Number of protein chains: 2
Amino acid sequence: MLGLNDHRLQVLLGKREAPPYQGRWALPGGVLRIDLDETLDDGARRVMRERLALELPFMRQLVSVGGKYRDQDRSPWALSVVYRALVWQADVKPLAGKRLSDLAWRDVEDAATDVKLAFDHRELVALAVEKTRQEVAEMELPVGFLPKAFTLGELQSICERILGRALDKSSFRRKLSDRGLVQPIEGEMRGGANRPAQLFELCHRVPPAGQSRADTGTKPV
Amino acid sequence: MLGLNDHRLQVLLGKREAPPYQGRWALPGGVLRIDLDETLDDGARRVMRERLALELPFMRQLVSVGGKYRDQDRSPWALSVVYRALVWQADVKPLAGKRLSDLAWRDVEDAATDVKLAFDHRELVALAVEKTRQEVAEMELPVGFLPKAFTLGELQSICERILGRALDKSSFRRKLSDRGLVQPIEGEMRGGANRPAQLFELCHRVPPAGQSRADTGTKPV
DNA sequence: TCAAAAGTGTTAGGCATACACCCATGT
DNA sequence: ACATGGGTGTATGCCTAACACTTTTGA
């Protein structure tokens, strides 16, 4: 669970109440319920719903890890399917139920280098951050993470916070329009203390029949 | 299991003897043995070893799929962790044991569009091919798939067969040397019916401390 | 009038494609 | 001699980072 606030990208960690790794920070998770979950994705959504009372549209399976010694105090073999979610921290009121004594947002840079996390969760955090940044760098916009309407400045700021670095305004906007990812709405707004900004929304249509950008790996010879 | 022959990239399919999907072609698989497999990767290796009597160095987990109705004739819930392997067809003598009545190599283009494959295996084939091609296009060389020594012509031919399209010789070689992926060996060879070719091997060292190519997503501002 | 953010245009350089060209060997 | 594949150089064009510039509002 990666969360964005006004400043930076963070990851939600919980402190484990019981062994293994008692007292260590870990990624929150849950167990699959074959009576409730029709698919893996369903299970991931259910766990998030139970924990956060929130419907998460932008979840993505990252990897599965499993092994004999993964959780040997409780089971002879354990398999975890790792999902990533993206949320606004402001939208979320996570509650430390279950087996966690505490919950906290932690900077991703921190967590990805903290060798004291439980299990292999440090690597998992690093993987999630890397994948997410790669997606944003390639302009796969974090759908479901965006409001219905946003200004280009806001969008850029979101991407910058996820990437952890500044972007060039002009290049950013050209890329957006070249690939036809967003379109203006007719109600402009956002006039805080300066020039008002045009509002945009996502284009969910297929790239409009033309050519522009296929990118299915089919490069010319 | 993707296999390369002198001409093209193919995928190994088996014909199912029993329901579900009796008589349909499917990707060969096996069940995890928590008494034998210490990790998921171990399990994947063991299944391949049992089926092909071959140690496969270049396996990669692609995705996990699971659901209530995935294999409902045999189990109320089924989870599959999908791996991809790359092999030389010539090195492999697969035998149709277990629950398969037949085995065959099939062109990947074919299989990835054949709606009659069992389960969701058409999508899985398409995914495996896409990922593999993307790796090759980005010059993540198929390690373990290459002989210890090879000529640049051979390497290019391998990549071309995987990608299913021709590559430019000059660009291909420049990319290799720019990124320091291969290095020449001092014993040259391969003089069939024309000029002999220098033999190369992979560089497994980290990019030699300099800068050249970091590519951890850290682009300049 | 000034600050601050929106919005647009231009330039320079890196990278990859495409192509042209020589080299060495067996037939 | 010539066909075949090895090996190398070069130019064109695209994409993008970098930056300069104008516009519009509130204070």
Side-chain angles (χ1 to χ4, degrees), chain A residues 6 134 136-139 149-161 163 165-201 207 210-215 217-221, chain B residues 6 133-134 136-140 149-161 163 165-201 207 210-215 217-221:
Chain A
D6 284 343
Q134 198 172 331
V136 172
E138 291 169 3
M139 291 296 240
F150 47 84
T151 70
L152 297 185
E154 288 165 358
L155 180 57
Q156 183 176 345
S157 168
I158 291 171
C159 291
E160 286 175 335
R161 274 174 275 162
L163 291 174
R165 66 170 212 262
L167 296 173
D168 181 79
K169 187 172 34 161
S170 184
S171 308
F172 183 77
R173 290 171 184 222
R174 183 177 8 265
K175 214 175 291 186
L176 283 174
S177 79
D178 280 357
R179 311 196 184 176
L181 299 175
V182 299
Q183 59 193 9
I185 325 177
E186 304 318 315
E188 66 192 296
M189 204 187 107
R190 256 6 96 76
N194 37 34
R195 173 172 173 177
Q198 175 64 260
L199 285 178
F200 286 80
E201 63 185 353
Q211 13 66 301
S212 67
R213 208 108 281 273
D215 219 74
T218 319
K219 295 178 183 176
V221 172
Chain B
D6 285 342
R133 287 186 168 160
Q134 198 172 331
V136 173
E138 290 168 3
M139 290 298 239
E140 286 182 43
F150 47 84
T151 69
L152 297 185
E154 287 164 359
L155 179 57
Q156 183 176 344
S157 168
I158 290 171
C159 292
E160 286 175 334
R161 274 175 274 162
L163 291 173
R165 67 169 210 260
L167 296 172
D168 182 79
K169 189 176 27 165
S170 184
S171 309
F172 183 77
R173 289 169 186 225
R174 183 175 14 263
K175 214 175 291 182
L176 283 174
S177 78
D178 280 357
R179 310 194 184 175
L181 298 175
V182 298
Q183 60 194 6
I185 326 176
E186 303 319 314
E188 67 191 294
M189 203 187 107
R190 258 1 98 80
N194 38 32
R195 174 173 171 177
Q198 175 64 260
L199 285 178
F200 286 79
E201 64 185 353
Q211 13 64 301
S212 65
R213 207 106 282 271
D215 219 75
T218 320
K219 295 180 182 176
V221 173

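Values in this document were obtained by computation on a predicted structure and should not be read as measured data. Every chain is numbered from 1, with letters handed out A, B, ... down the list of sequences.
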Rounded distance in Å - CD (Gln156(A)) to P (dA17(D))
12 Å
Could you state the atom-to-atom distance from NZ of Lys175(B) to C1' of dG14(C) in whole Å?
14 Å
When every non-hydrogen atom of Arg173(A) is compared with those of Gly153(A), the smallest separation belongs to NH2-N, 4.0 Å
Check whether any side-chain heavy atom of Ser171(A) lies under 4.5 Å from a side-chain heavy atom of Lys175(A), and answer yes or no.
no
Whole-Å distance separating the CG atom of Leu176(B) from the C1' atom of dG6(D)
14 Å
Asp178(A) has an atom CG; how far is it from atom C1' of dA17(D), in whole Å?
14 Å
Could you report the tightest heavy-atom contact between Ala137(A) and Leu163(A), atom names first, then the distance?
N-CD2, 4.1 Å
For the residue pair Leu152(B) and Phe172(B), what are the closest heavy atoms and their distance?
O-CE2, 4.2 Å
Smallest heavy-atom separation, Arg161(B) atom then Asp6(B) atom, equals CD-O, 3.5 Å
In terms of heavy-atom contacts, Glu138(B) and Arg179(B) come closest through O-NH1, 3.4 Å
Expressed in angstrom and rounded to an integer, what is the separation of Leu167(A) atom CG from dA17(D) atom P?
9 Å
Round to the nearest Å and state the distance from Met139(A) atom CE to dT16(D) atom C1'.
12 Å
Anything under 3.5 Å between a protein N or O and an N or O of nucleotides 1-7 of chain C, put it in a table, one pair a line.
{"from": "dA5(C)", "atom 1": "O4'", "to": "Asn194(A)", "atom 2": "ND2", "distance (Å)": "2.9"}
{"from": "dA6(C)", "atom 1": "N7", "to": "Lys169(A)", "atom 2": "NZ", "distance (Å)": "3.3"}
{"from": "dA6(C)", "atom 1": "N3", "to": "Arg195(A)", "atom 2": "NH1", "distance (Å)": "3.2"}
{"from": "dG7(C)", "atom 1": "OP1", "to": "Gln198(A)", "atom 2": "N", "distance (Å)": "2.8"}
{"from": "dG7(C)", "atom 1": "N7", "to": "Lys169(A)", "atom 2": "NZ", "distance (Å)": "2.4"}
{"from": "dG7(C)", "atom 1": "O6", "to": "Lys169(A)", "atom 2": "NZ", "distance (Å)": "3.0"}

Interatomic distance where CZ belongs to Phe172(B) and P belongs to dG7(D) [whole Å]
13 Å
Please determine which of Ile185(A), Val182(A), Ile158(A) meets the side chain to side chain contact (heavy atoms under 4.5 Å, CB included) test together with Phe150(A).
Val182(A)
What are the two closest heavy atoms between Leu167(A) and Gln156(A), and how far apart are they?
O-NE2, 3.0 Å
So which protein nitrogen or oxygen atoms get under 3.5 Å of nucleotides 9-11 of chain D's nitrogens or oxygens?
{"from": "dG9(D)", "atom 1": "O6", "to": "Ser170(B)", "atom 2": "OG", "distance (Å)": "2.3"}
{"from": "dT10(D)", "atom 1": "O4", "to": "Arg174(B)", "atom 2": "NH2", "distance (Å)": "3.3"}

Give, for atom CD of Glu201(B) and atom CG of Leu181(B), the distance between the pair rounded to the nearest 0.5 Å.
13.0 Å
Under 4.0 Å from OP1 or OP2 of dA17(D): is there any side-chain N or O of Arg165(A) that close?
no
